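Worksheet for the structure shown next.
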Amino acid sequence: MFLGRLEEMAGRPFQDIAASAPLDWTDVIGWLGDCCSTALLDAVRGEKVRVAINGALVADKEGLILSDGDELAFLPPVSGG
Amino acid sequence: MFLGRLEEMAGRPFQDIAASAPLDWTDVIGWLGDCCSTALLDAVRGEKVRVAINGALVADKEGLILSDGDELAFLPPVSGG
Amino acid sequence: MSDVRLLTAPFDPAAELSAFTAAHPQAGGIVSFLGQVREGGGCEALELRHYEPLTLPAMRDLAARVRDRWTLGGLLVIHRSGVMLPAEPIVLVAAAARHRRDAFAAADFAMDHLKSESWFWKREKQGGEWRWIEPREQDFEDIARWA
Amino acid sequence: MSDVRLLTAPFDPAAELSAFTAAHPQAGGIVSFLGQVREGGGCEALELRHYEPLTLPAMRDLAARVRDRWTLGGLLVIHRSGVMLPAEPIVLVAAAARHRRDAFAAADFAMDHLKSESWFWKREKQGGEWRWIEPREQDFEDIARWA
């Protein structure tokens with residue numbers, strides 16, 4: 001799932017990761033590098049973008065491990081206002 | 001005019017002062033002493049009761065001067081809440 | 001412009017707030033306070049009395065002070081006088097502003113000052129007996145917050 | 001009990017507030033905040049997007065924190081998601097309490113935290129072009145008031 005402006009950058013709200021679990025952060029970044037723009041990749045790596053797995057926020061995104069069927073969401077900062 | 005609990009103490013919301021103007025504070029107190037209860041008189045003299053003439057608050061009630069047709073109001077503290 | 005009213009008959013706060021909101025589409029936020037006679041607690045009726053030459057002018061004066069202090073698109077102040085039953089509205093204050101913070105502060109300030117300084121005398125019916133309500137210390141503390 | 005809703009279609013704030021008030025006759029005071037899309041200022045439409053598994057649970061969590069912090073009779077939190085036009089309601093928060101001060105503080109706190117911490121992403125249409133809205137410094141300051 002790509003939320004907020006990341007959806008525009010990805011050109012789609014969500015995308016299946018066609019790779020065999022388990023996947024770690026390096027696998028995810030590698031997959032993003034193949035599928036999407038460098039701008040998206042930079043944004044996702046940035047410290048302001050948080051990550052949730054199946055709706056639960058991940059404290060340390062670089063330490064994540066994805067299992068089969070997990071929903072990974074990239075969350076840019078909320079807009080406030 | 002007797003406002004708030006003073007109305008109960010006076011037994012009426014208002015009362016004509018049948019005396020010839022000008023009247024000062026001593027005249028008013030004298031008239032109240034004749035017409036009404038001592039409790040009312042004590043309350044009106046107390047520092048918590050304010051006085052208005054024709055809807056305008058009087059800063060120093062003991063210095064007031066009433067003309068013919070003036071409306072004198074005795075105002076106990078407001079209830080708040 | 002402020003809308004300040006002293007009413008001697010019941011009013012519908014939802015309809016008033018709805019009309020106020022519709023009149024201020026350029027305001028990003030509207031804060032309202034509705035005070036009503038509490039149900040339960042033994043109060044059978046509440047009576048507010050006012051003194052015509054003082055009460056409404058003082059409410060208008062308060063509204064002007066609120067408008068001077070905060071940047072508002074609109075201000076609504078409606079206060080009942082007379083006898084009210086439990087769950088009946090007593091007072092409605094609403095502030096419309098571009099900025100949320102202004103609307104909150106204006107409504108809060110208006111309520112603190114309406115409650116403690118307005119020319120209303122209140123009595124409450126409990127167990128069939130009316131008794132006058134005296135000023136409370138809390139009201140002076142509420143006002144001191146704004147000094 | 002708190003009533004917390006995330007809606008994807010327009011709602012009627014007056015009707016909601018009226019129902020909330022009727023449900024809390026024992027509350028002496030009800031404070032509400034209504035946020036709406038500003039008319040004028042060039043905004044043609046506002047879009048809020050949410051993430052189902054996070055947004056509503058976080059709103060419920062905020063409501064629980066508010067209930068823990070203040071003594072309330074009831075709390076209502078309604079937030080829109082989706083595309084809204086000028087003058088359409090975005091958010092309604094209402095707090096019913098025995099004491100006025102609790103109701104004001106609870107609604108104010110809820111709004112500061114809803115605005116700055118909720119999982120909503122916003123974009124605005126101006127001159128036919130959509131642009132994303134970035135976080136504002138003011139939001140962090142608003143929240144710091146409650147520390």
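Order of the sequence lines sets the chain letters (A, B, ...), proteins ahead of strands, with each chain counted from 1. Since the model is a prediction, treat every value here as computed from it, not as a measurement.
- Highest contact tally toward chain C, considering only D:I30, D:I90, D:T21, D:L92, is held by D:I30 [criterion: heavy-atom pairs under 4.5 Å].
- Note on C:Q36, C:M111, C:Q26: by heavy-atom pairs under 4.5 Å with chain D, the leading option is C:Q36.
- Closest approach of C:R38 and D:R98 over heavy atoms only: NH2-O, 2.8 Å.
- Heavy atoms closer than 4.5 Å to chain C are found in the backbone of D:V37, but not in its side chain.
- Chain C forms more heavy-atom pairs under 4.5 Å with one residue of D:A107, D:P89, D:A22, D:G28 than with any other, namely D:G28.
- At a 4.5 Å heavy-atom cutoff, C:A94 makes no contact with chain D through either its backbone or its side chain.
- Scored by the side-chain contact (heavy atoms from CB on, under 4.5 Å) test, C:E39 finds C:P86, C:A87, D:P25 as partners (sequence neighbours excluded).
- From D:D12, atom CG reaches atom OG of C:S18 across 6.5 Å, with rounding to the nearest 0.5 Å.
- Atom CG of D:L17 sits about 7.5 Å away from atom CG of C:L34, to the nearest 0.5 Å.
- In summary, of the residues considered (D:F109, D:F104, D:F33), a ring pair (Phe, Tyr, Trp, His ring centres under 6.0 Å) with C:F104 occurs for D:F33 alone.
- A salt bridge links D:D112 and C:R101; the closest N-O separation between the charged side-chain nitrogens and carboxylate oxygens is under 4.0 Å.
- Heavy-atom pairs under 4.5 Å with chain D were tallied for C:S32, C:P13, C:G35, C:G29; the largest tally goes to C:S32.
- D:A96 does not touch chain C: none of its heavy atoms, backbone or side chain, sits under 4.5 Å away.
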